[in-house]
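To start, the structure itself, in structure tokens.
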Amino acid sequence: MKPAPFAYVRARSLDEALGCLVADPEAKILAGGQSLVPMMNMRLARPSTLVDLNAVAELSGVDAAADGGLAIGALTRHTDLVTSPLVRERAPLLATAAAHIGHRAIRNRGTLGGSLAHADPAAELPAAVLALGATLVAAGPGGRRRIAADDFFLGLFATALAADEILVAVETPPHRDAAWGFAEVARRAGDFAIAGAAVAAIPGDVGRSARVRLVAFGVDDRPIRLTAAEIHLGDPALTPDAAAAAGAAAAGCCHPAADVHASAEYRRHLVSVLTEQVVREAAGRRAARREGESRWSQSP
Ligand SMILES: Cc1cc2nc3c(=O)[nH]c(=O)nc-3n(C[C@H](O)[C@H](O)[C@H](O)COP(=O)(O)OP(=O)(O)OC[C@H]3O[C@@H](n4cnc5c(N)ncnc54)[C@H](O)[C@@H]3O)c2cc1C
């Protein structure tokens with residue numbers, strides 16, 4: 001099918017793009033086009049103007065933040081998340097999640113900001129930024145505001161972004177103790193997940209131990225925190241033993257729907273199994289890191 005007629009603006013700056021959104025309330029941002037263009041072709045989306053961000057260079061790239069975290073431009077492609085040495089070092093959960101998206105051609109065009117703004121409940125990157133406790137930076141006519149990932153995803157394809165706002169960056173906190181895990185089940189490699197889980201240990205408040213954040217995706221109308229499972233996992237309690245308790249608790253946290261791919265019951269079962277799996281992964285990584293550190297400190 002072909003899209004309904006639309007106007008096209010290749011914005012040269014963020015201000016120009018924001019001006020286009022104010023001038024036309026029916027305008028939409030075009031980033032990688034991997035979700036928007038198929039929706040336009042199926043006439044599920046009919047923007048009157050497409051505001052193309054691809055020439056706004058300031059929105060791409062990965063920067064190291066002074067606190068040990070990252071600031072990542074919204075237009076950064078999935079492929080760059082997968083291959084960036086900085087992302088692999090400081091937010092390996094994000095790099096791993098991005099590697100599960102679709103196929104190479106899709107990852108070469110699709111963007112971090114596009115995936116978060118689109119807010120597909122089965123998408124990998126929304127789940128990863130939620131597990132990391134990231135902060136999303138939005139620019140609008142009144143300036144910039146920072147939105148916690150916990151407050152960003154509001155429902156099925158719905159976010160806290162206003163129609164005249166553009167997601168410009170994502171800030172991830174410092175990586176803690178190598179304690180992270182990511183797993184999903186899909187029918188074929190490259191398909192959207194039937195269900196998935198992610199876990200990350202992030203720094204606690206000053207003087208406090210790390211907090212462990214557990215997230216499931218594909219099993220509710222948005223990525224969800226598995227808070228009833230998190231209570232089994234403090235920093236000292238991130239152990240394989242606690243993984244089974246967390247997995248059992250996780251199934252009760254979600255409200256999966258049945259569709260042609262899986263029943264609600266099967267998705268609930270997957271959440272339980274995948275939660276246990278990612279917690280075991282995180283515990284194993286942390287133990288390996290600590291063993292490496294103690295060997296290093298004992299070497300003459
Ligand atoms: C065959 C196929 C398989 C796929 N498989 C997966 C998969 O397994 N997992 C997965 O997560 N995704 C998958 N995708 C989707 C892909 O990841 C998209 O790249 C992503 O969902 C949207 O990113 P985009 O940059 O292409 O955004 P676009 O398609 O350009 O935009 C998507 C939406 O976000 C808005 N938007 C984009 N950028 C911004 C911004 N900076 N600020 C505000 N609003 C913005 C647009 O206006 C639009 O409403 C698949 C796509 C295809 C075609």
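We're numbering straight along the sequence, starting at 1. Ligands are counted one by one from 1 in listed order, and the atoms in each one are counted from 1 as well.
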Keeping Asp259 on the side-chain end and Ala262 on the backbone end, is there a donor-acceptor pair under 3.5 Å? yes

Sequence-distant partners of Asp221, side chain to side chain contact (heavy atoms under 4.5 Å, CB included), two or more places apart: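 In terms of side chain to side chain contact (heavy atoms under 4.5 Å, CB included), with neighbours along the sequence ignored, Asp221 is linked to Leu156.
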
Contact table ligand 1 N or O to protein N or O, d under 3.5 Å:
unit_1, atom_1, unit_2, atom_2, d
ligand 1, 8 (O), Gly102, N, 3.2
ligand 1, 9 (N), Glu124, OE1, 2.7
ligand 1, 11 (O), Glu124, OE1, 3.1
ligand 1, 17 (O), His78, NE2, 3.2
ligand 1, 19 (O), His78, NE2, 3.2
ligand 1, 21 (O), Ser35, OG, 2.8
ligand 1, 23 (O), Ser115, N, 3.4
ligand 1, 25 (O), Gly32, N, 2.8
ligand 1, 25 (O), Thr111, N, 2.9
ligand 1, 25 (O), Thr111, OG1, 2.6
ligand 1, 26 (O), Gly33, N, 3.1
ligand 1, 26 (O), Gln34, N, 2.8
ligand 1, 29 (O), Gly33, N, 3.4
ligand 1, 29 (O), Gln34, N, 3.2
ligand 1, 29 (O), Ser35, N, 2.9
ligand 1, 29 (O), Leu36, N, 2.7
ligand 1, 30 (O), Ala31, N, 2.9
ligand 1, 30 (O), Gly32, N, 3.3
ligand 1, 30 (O), Gly33, N, 2.7
ligand 1, 41 (N), Leu167, O, 2.9
ligand 1, 42 (N), Leu167, N, 2.9
ligand 1, 47 (O), Ile29, N, 3.4
ligand 1, 47 (O), Ile29, O, 2.6
ligand 1, 49 (O), Lys28, NZ, 3.4

Should the pair Glu165-Arg145 be classified as a salt bridge under the 4.0 Å nitrogen-to-oxygen rule?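 So Glu165 pairs with Arg145 through a salt bridge.
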
Is a salt bridge present between Glu230 and Arg225, judged by a nitrogen-to-oxygen distance below 4.0 Å?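 Judged by the 4.0 Å cut-off on N to carboxylate O distance, Glu230 and Arg225 do form a salt bridge.
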
Could you list all the ring pair (Phe, Tyr, Trp, His ring centres under 6.0 Å) pairs where at least one residue sits in residues 1-49, not counting sequence neighbours? none

If a pair satisfies ring pair (Phe, Tyr, Trp, His ring centres under 6.0 Å) and one of its residues is in residues 99-129, list it, with sequence neighbours excluded.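 Only His100-Phe182, His118-Phe157 qualify under ring pair (Phe, Tyr, Trp, His ring centres under 6.0 Å).
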
